Amino acid sequence: MGTILNINTPRDYDLARDVCSYGYFLLAPNHWDVPRSRMLRVLELDDGPSACTITQLDSGKLRARFDRALSRTEQAHARTQITRMLSLDTSAKDVRAFHRVDPRWKRDGRARLFRSPTLFEDVIKTVTSCNVTWPSTVHMNTRICEVCGRKAVSGARGFPTPKKLARIKPGTLRARCRVGYRDTRIVELAKLFAKGSVDVEWLETKATDEEAFTFLLTLPGIGPYAAGNIMQLMGRYSRLALDTESIRHAKSVLGMDGTDAQLYKQLGAHYEPFGEHKFRAYWFELWDFYESKAGPAHQWERDATASVFTASNLNARS
DNA sequence: GGTAGACCTGGACGC
DNA sequence: GCGTCCAGGTCTACC
């Protein structure tokens with residue numbers, strides 16, 4: 001019989017809203033079960049992978065059901081991973097602070113962003129989102145899990161650990177996961193995480209934003225956009241992660257004009273008043289636009305939605 | 001410091 | 001079915 005964990009949540013927590021708040025919820029091994037409003041994925045734990053189903057009870061608490069019995073230590077690790085993934089550590093106080101700066105999202109309560117159970121997975125997912133259209137990012141993550149992820153009792157596969165990815169040959173990643181030239185960078189990143197060269201605790205909780213950003217730029221495959229994105233995935237919202245989507249947003253929604261370089265400057269100035277919350281102010285604007293085109297995010301099916309989120313499609317549809 | 005070009009994949013398009 | 005073009009962020013060489 002599998003373990004069941006009951007997890008306390010901040011009072012304002014809404015599983016559907018807060019899972020379907022960032023595109024990574026559409027990437028393997030994550031699966032949002034639209035009809036049943038529940039989150040499924042495999043977590044990597046001490047004694048191996050375990051498939052987990054997370055639902056929200058009427059009381060607001062979460063219930064995580066695993067496909068096998070977990071030891072006490074594994075239960076603690078599972079709680080830690082779920083807390084990170086669902087941003088349960090974003091307190092109601094932090095939410096209020098954000099809404100004071102940007103009251104547009106107070107009514108529906110948006111403030112938390114979905115992320116991965118581990119920083120490593122977020123870093124690799126970010127690399128797979130660079131210089132590629134969204135459908136390819138979806139495909140790469142599916143293949144990485146299928147080829148490199150371990151199988152849980154249920155048969156579902158998880159995201160590979162740093163140790164596992166560090167042992168994969170770049171050529172295998174390229175040929176079987178279709179990651180292209182990112183192959184070597186992904187393996188190098190995995191090796192850095194596996195041997196402890198990336199101090200996750202320091203990065204996530206101790207470093208200043210400037211120190212964290214500067215360090216991220218030293219990692220292979222991580223440039224200004226990727227570093228900015230990883231910053232927000234660590235709960236550091238003082239920077240923007242600007243890419244071609246930002247350019248489209250600047251032109252079509254904010255009515256800005258100019259070269260890309262000029263637009264980046266204008267975007268920086270536009271979101272400056274939001275201070276340490278500026279990424280969320282920017283992101284929820286973008287997300288709101290996506291939902292205006294594709295309907296509420298908690299109703300998005302991964303495969304059906306993948307092709308919608310490309311700059312060309314959104315330009316054509318805006 | 002700024003710029004140009006290579007790096008890959010998948011989708012769109014023309015033939 | 002095949003070939004060509006394009007989108008996408010990072011890295012390196014060069015000025």
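What you see is a predicted model; the values in this text were computed from it and never measured. Computed from heavy atoms alone, side chains included, the values below leave out hydrogens, waters and symmetry copies. Sequence lines set the chain letters: A, B, ... in the order given, protein chains first and strands last, and positions in each chain run from 1.
Donor-acceptor pairing under 3.5 Å is recorded for the side chains of A:Tyr271 and A:Glu285. Between the side chains of A:Arg176 and A:Thr172, no donor-acceptor pair is found at a separation under 3.5 Å.
Atom CG of A:Asn141 and atom P of B:dT9 are 16 Å apart (whole Å). Look at CE on A:Met140: it is 14 Å from P on C:dG8, rounded to the nearest Å. Atoms CZ (A:Arg174) and C1' (B:dC7) sit 8 Å apart, rounded to a whole Å. Between A:Tyr181 atom OH and B:dG10 atom C1' the separation is 13 Å, expressed in whole Å. Going from atom CD1 of A:Ile247 over to atom P of C:dG9 covers 9 Å, rounded to whole Å. Note: CZ (A:Arg185) to C1' (B:dT9) measures 14 Å, nearest angstrom. Summarising the geometry, the separation between CD1 on A:Ile186 and P on C:dT10 is reported as 14 Å, rounded to the nearest angstrom. As rounded to whole Å, 20 Å separates atom P of C:dG9 from atom CG of A:Asp183.
Contact annotation for A:Leu242: no contact, since no heavy-atom pair falls under 4.0 Å across all strands.
At the phosphate of B:dG10, OP1 or OP2 sits under 4.0 Å from a side-chain N or O atom of A:Arg178. Between A:His139 and B:dG10 there is a side-chain polar atom (N or O) within less than 4.0 angstrom of OP1 or OP2. A close approach under 4.0 Å does not occur between any side-chain nitrogen or oxygen of A:Arg182 and OP1 or OP2 of C:dT10.
Taking every side-chain heavy atom of A:Cys130 into account, C:dG9 is the closest of C:dG9, B:dC8, B:dG10. Of the candidates B:dC8, B:dG10, C:dG9, the closest approach to any side-chain atom of A:Asp243 belongs to C:dG9. Side-chain atoms of A:Thr244 lie closest to C:dG8 of the nucleotides C:dG8, B:dG10, B:dT9. Minimum atom distance to the side chain of A:Ser136 is reached by B:dG10, of the listed B:dG10, C:dG8, C:dC11. Taking the side chain of A:Ala226 as heavy atoms from C-beta on, and the options B:dG10, C:dG8, C:dT10, the nearest nucleotide is C:dT10.
Partner of A:Arg112 under the salt bridge (charged side-chain N to carboxylate O under 4.0 Å, His left out) criterion, chosen from A:Asp12, A:Asp89, A:Asp94, A:Asp14: A:Asp12.
With respect to A:Glu146 and A:Arg157, no salt bridge is recorded, no charged nitrogen being found less than 4.0 Å from a carboxylate O.
At a cut-off of 3.5 angstrom, the base of C:dG8 holds no donor-acceptor pair with the side chain of A:Tyr225.
For the pair A:Arg239 and A:Phe213, the cation sits on the ring face: its NZ or CZ lies under 6.0 Å from the ring centre, inside 45° of the axis.
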